[in-house]
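Below is one structure, written out as structure tokens, with a few remarks after it.
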Amino acid sequence: AQTVTQSQPEMSVQEAETVTLSCTYDTSESDYYLFWYKQPPSRQMILVIRQEAYKQQNATENRFSVNFQKAAKSFSLKISDSQLGDAAMYFCAYRSRSGSARQLTFGSGTQLTVLP
Amino acid sequence: GAGVSQSPRYKVAKRGQDVALRCDPISGHVSLFWYQQALGQGPEFLTYFQNEAQLDKSGLPSDRFFAERPEGSVSTLKIQRTQQEDSAVYLCASSPRTVPEDTQYFGPGTRLTVL
């Protein structure tokens with residue numbers, strides 16, 4: 001079974017600064033997807049960024065980028081030029097690419113506070 | 001277009017009552033998932049539907065939990081004889097196809113409180 005670990009329950013960042021959220025995972029599979037989801041206080045989970053394990057290039061989406069280290073099973077999220085609207089709970093998630101499993105396996109989350 | 005909707009948004013039940021939680025996925029989405037999110041935790045998988053077929057129910061915590069999607073669109077998660085440990089937010093997600101690269105789109109959740 002796969003596990004996802006987020007060791008930072010809370011993080012804070014000054015507006016306009018950069019912050020990195022950590023995530024590690026454990027799997028015996030070689031092909032999978034990794035995700036970062038954002039959950040604002042309204043509770044609707046929103047996809048932030050996705051990484052395919054077979055791609056060596058790190059994914060980027062505007063101010064959001066990842067540092068994917070497959071050998072180390074590490075998948076961190078960097079938020080540049082932080083904005084007040086970035087404040088939310090962030091979840092790292094894993095999804096198998098093979099077999100019949102289609103569900104996401106989530107970490108326990110990191111609560112991000114953005115300070116004005 | 002409309003996203004995933006869930007109703008009710010909040011539900012308070014007395015211990016022992018039965019509850020039914022509804023999920024309206026995005027129109028045309030084949031895959032539908034239910035997750036349970038305890039306070040301060042990440043969501044945990046409950047069950048998965050492909051159209052009307054329930055292909056995976058390995059995450060349902062007990063036989064008091066039952067889910068259905070009879071016409072391949074709206075889904076209902078039913079919890080019988082609710083217990084305090086059932087208190088959580090129940091999230092529904094849908095995706096267009098069955099392939100793993102598809103994004104899952106989440107609803108706002110139903111917060112269930114069992115007294």
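Below, read A as the first sequence line, B as the second, and so on, with proteins coming before strands; counting in each chain starts at 1. The structure displayed is predicted, hence computed values, not measured ones. Only heavy atoms go into these numbers, but all of them, side chains included; no hydrogens, no water, no symmetry mates.
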Say whether, by atom type as modelled, one donor and one acceptor occur between the side chain of A:R95 and the main chain of B:D102 under 3.5 angstrom. yes
Quick one: do A:F106 and A:L77 end up in the same hydrophobic cluster if we chain Ile, Leu, Val, Met, Phe, Trp and Tyr together by side-chain heavy atoms under 4.5 Å apart? no
Does anything in residues 46-62 of chain A reach chain B? List residues with heavy atoms under 4.5 Å apart, or say none. A:L47, A:R50
Look up atom CZ in A:R102 and atom OG in B:S95, then write down how far apart they are to the nearest 0.5 Å. 9.0 Å
Quick one: what part of A:Y37 sits under 4.5 Å from any heavy atom of chain B, side chain, backbone, both or neither? side chain
Residues from residues 71-94 of chain B approaching chain A under 4.5 Å (heavy atoms): B:V89, B:L91
Would you say A:M45 and A:V4 are hydrophobically clustered, going by side-chain heavy atoms of ILVMFWY under 4.5 Å? no
Taking everything shown except A:K73 itself, do over 12 heavy atoms lie less than 6.0 Å from its NZ? yes
Can you name the residues of residues 10-47 of chain B that have some heavy atom under 4.5 Å away from a heavy atom in chain A? B:F33, B:Y35, B:Q37, B:G40, B:Q41, B:G42, B:P43, B:F45
Most chain A-contacting option - heavy-atom pairs closer than 4.5 Å, from B:Q6, B:R111, B:Q104: B:Q104
Chain B neighbours within residues 108-116 of chain A, where any heavy atom lies under 4.5 Å away: A:S108
So which part of A:Q6 gets closer than 4.5 Å to some heavy atom of chain B, the side chain, the backbone, both or neither? neither
Using the side chain to side chain contact (heavy atoms under 4.5 Å, CB included) rule, take A:L104 and B:F106 through it: C-alpha gap first, then chi angles, then the decisive distance, then the call. CA-CA 12 Å; A:L104 293 163; B:F106 283 81; 4.0 Å; yes
